[in-house]
Amino acid sequence: MPYGSRRRSAHIVMADTGWPGCVKSLKGVILDLCGVLYDSGEGDGVAIPGSIEAVKRLKESDLQLRFCTNETQATRKNFVAKLQRLGFDISVSEVFPPAPAAIAVLKERGLRPHLLVHDGLLPEFDAEDKTNPNCVIVGDAAENFSYQNLNEAFRVLIGLERPVLFSLGQGRYYKETDGLKLDVGVYMKALEYACDLKAEVIGKPSPTFFQSVLNDMGLKPNEALMIGDDLVNDVGGAQYCGMKGVQVRTGKYR
C-alpha cells in the first residue's frame with residue numbers, strides 16, 4: 001500500500017475496501033524489477049529476500065505474469081540473462097523494457113536518433129539509421145551523462161526546426177546496492193528546460209507503454225495489478241490506466 005500524508009489517509013482506507021472485489025477479478029500481475037525483485041549494483045546485483053520464491057509462486061498460480069521495467073542499461077537479452085543468473089525463472093518474452101518500444105516509434109515515424117544512452121544499450125539500436133539525426137533518445141546513461149554528451153544532445157535538438165526528445169522513462173532516482181543514484185528523469189528535465197520543449201516518455205508511466213503489456217496479456221486494465229517501488233511511475237501510472245497499484249517497501253521506497 002502506498003504511503004501518504006495524513007490528509008490522504010482517508011482516501012487510502014477507502015481504497016482498502018475495494019480489495020476483495022479486485023482479487024476476484026484479477027487475472028494478471030505485472031511486476032517492476034529493480035527495487036522489487038533485485039537491487040542493481042556491482043556484478044549482477046542482489047536478489048531481494050523472498051523475491052525468487054514470490055515469482056515462482058506467481059508462475060504456479062493461474063495468474064498471468066509479466067515484468068514491466070524502465071531498465072535501459074542493457075539489451076533486453078542481456079538484462080534477462082542477468083536476472084536468470086540471480087535465480088529468477090524469467091524469459092525474454094515476459095519482460096517489457098522501453099528500448100524495443102522506442103525502436104517501434106522510430107520506425108513508425110521515420111526518425112533517426114541521436115543516442116544519449118548507456119553503452120550496454122547501444123546494441124539494441126544497431127539496425128537503426130543514426131545519420132543526420134532528427135530526434136534525441138535519452139536513457140539511463142549513468143557515467144555517460146557528462147557535460148560534453150549532454151551538450152551534444154542539446155546541440156542536436158536546438159538545431160532542429162521541430163525538435164523531438166524521447167526519454168526512456170522519467171524516474172528521479174533508483175537504488176543500487178551502494179545507495180541511491182540519479183535516474184534519467186533528471187537529465188530529461190535539463191534538456192527540456194534548455195530547449196524549451198516537452199519530452200515524449202517511452203516507458204513507465206506512459207499509458208501507451210502499460211497498454212502494450214496489457215495487450216500482450218490479453219487483459220483489461222481492471223483485470224491486472226501492478227507492483228512496484230515507485231509511487232509515481234509504477235503505482236500512479238498503473239492507476240491512471242485503470243489498474244490496481246501496489247507499492248512495496250523495498251528499492252527506492254522512502
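Hydrogens, waters and symmetry mates are skipped; everything else that's a heavy atom, side chains included, is used. Note that the structure is predicted; figures quoted are calculated from it, not measured.
At least one side-chain heavy atom of Pro100 sits under 4.5 Å from a side-chain heavy atom of Arg76. At least one side-chain heavy atom of Phe145 sits under 4.5 Å from a side-chain heavy atom of Leu116. Counting heavy atoms from C-beta outward, Cys34 and Asp39 have side chains that stay 4.5 Å or more apart. Looking only at side-chain heavy atoms (C-beta outward), Gln170 and Asn233 come within less than 4.5 Å of each other. Contact of the Val117 side chain with the Gln73 side chain is not registered, since no non-hydrogen atoms from C-beta on lie closer than 4.5 Å. Within the 4.5 Å cutoff, side-chain heavy atoms of Asp234 are placed close to those of Lys204. Proximity of Phe166 to Leu106: side-chain heavy atoms (C-beta onward) are separated by under 4.5 Å at one or more points. Asp89 has its side chain out of reach of Lys56: every pair of non-hydrogen atoms, C-beta onward, lies at least 4.5 Å apart.
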Next on the checklist: Between Thr75 and Asn78, does the side-chain hydrogen bond (donor to acceptor under 3.5 Å, both in side chains) criterion hold? Intermediate values first, please.
Outcome noted: CA-CA 5 Å; Thr75 64; Asn78 289 342; 3.3 Å; yes
Next on the checklist: Working note: Val95 + Ile90, criterion side-chain contact (heavy atoms from CB on, under 4.5 Å); need CA distance, chi angles, decisive distance, verdict.
Outcome noted: CA-CA 8 Å; Val95 177; Ile90 297 177; 3.5 Å; yes
Checklist entry - Is there a side-chain contact (heavy atoms from CB on, under 4.5 Å) between Phe96 and Glu71 once you walk through the steps? => result CA-CA 9 Å; Phe96 288 77; Glu71 165 64 39; over 6 Å; no
Next on the checklist: Using the rule given for side-chain hydrogen bond (donor to acceptor under 3.5 Å, both in side chains), can you reason through Asp230 versus Tyr253, listing the C-alpha separation, both sets of side-chain angles and the distance that settles it, and then say yes or no?
Outcome noted: CA-CA 7 Å; Asp230 189 311; Tyr253 174 82; over 6 Å; no
Checklist entry - So Arg109 and Asn134, side-chain contact (heavy atoms from CB on, under 4.5 Å) or not? Walk me through it. => result CA-CA 11 Å; Arg109 293 163 60 172; Asn134 53 7; over 6 Å; no
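In this structure, the side chain of Glu223 engages the main chain of Lys220 through a donor-acceptor pair within 3.5 Å.
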Acceptor/donor pairs from residues 149-162 side chains to any protein atom, 3.5 angstrom cut, sequence neighbours excluded:
unit_1, atom_1, unit_2, atom_2, d
Asn149, ND2, Asn144, O, 2.8
Asn149, ND2, Ser146, OG, 3.3

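Linking ILVMFWY side-chain heavy atoms closer than 4.5 Å, directly or via other members, places Leu219 and Val29 in two distinct hydrophobic clusters.
The minimum heavy-atom distance linking Ala199 with Met188 is given by the pair CB-CG, 3.7 Å.
Counting non-hydrogen atoms of neighbouring residues, nucleotides and ligands closer than 6.0 angstrom, the NZ atom of Lys59 exceeds 12 such neighbours. The 12-atom threshold is exceeded at CG of Asp178, counting heavy atoms of other residues, nucleotides or ligands nearer than 6.0 Å. Counting heavy atoms of neighbouring residues, nucleotides and ligands inside a 6.0 Å radius, atom NZ of Lys130 exceeds 12 of them. Glu60 CD: more than 12 foreign heavy atoms inside a 6.0 Å radius.
For the residue pair Tyr174 and Asp140, a side-chain donor N or O sits within less than 3.5 Å of a side-chain acceptor on the partner.
Annotation: cation-pi pair Lys252/Tyr173 present, NZ/CZ under 6.0 Å from the ring centroid and within 45° of its normal.
Between Arg66 and Glu94 there is no salt bridge, since none of the side-chain N atoms of the basic residue sits less than 4.0 Å from a carboxylate O of the acidic one. A salt bridge links Arg85 and Asp44; the closest N-O separation between the charged side-chain nitrogens and carboxylate oxygens is under 4.0 Å.
Screening Val55, Asp32, Ile48 against Leu37 for a side-chain contact (heavy atoms from CB on, under 4.5 Å) leaves a single residue, Val55.
Ring geometry for Tyr38 against Phe79 counts as tilted: the plane angle lies between 30° and 60°, on a 0 to 90° scale.
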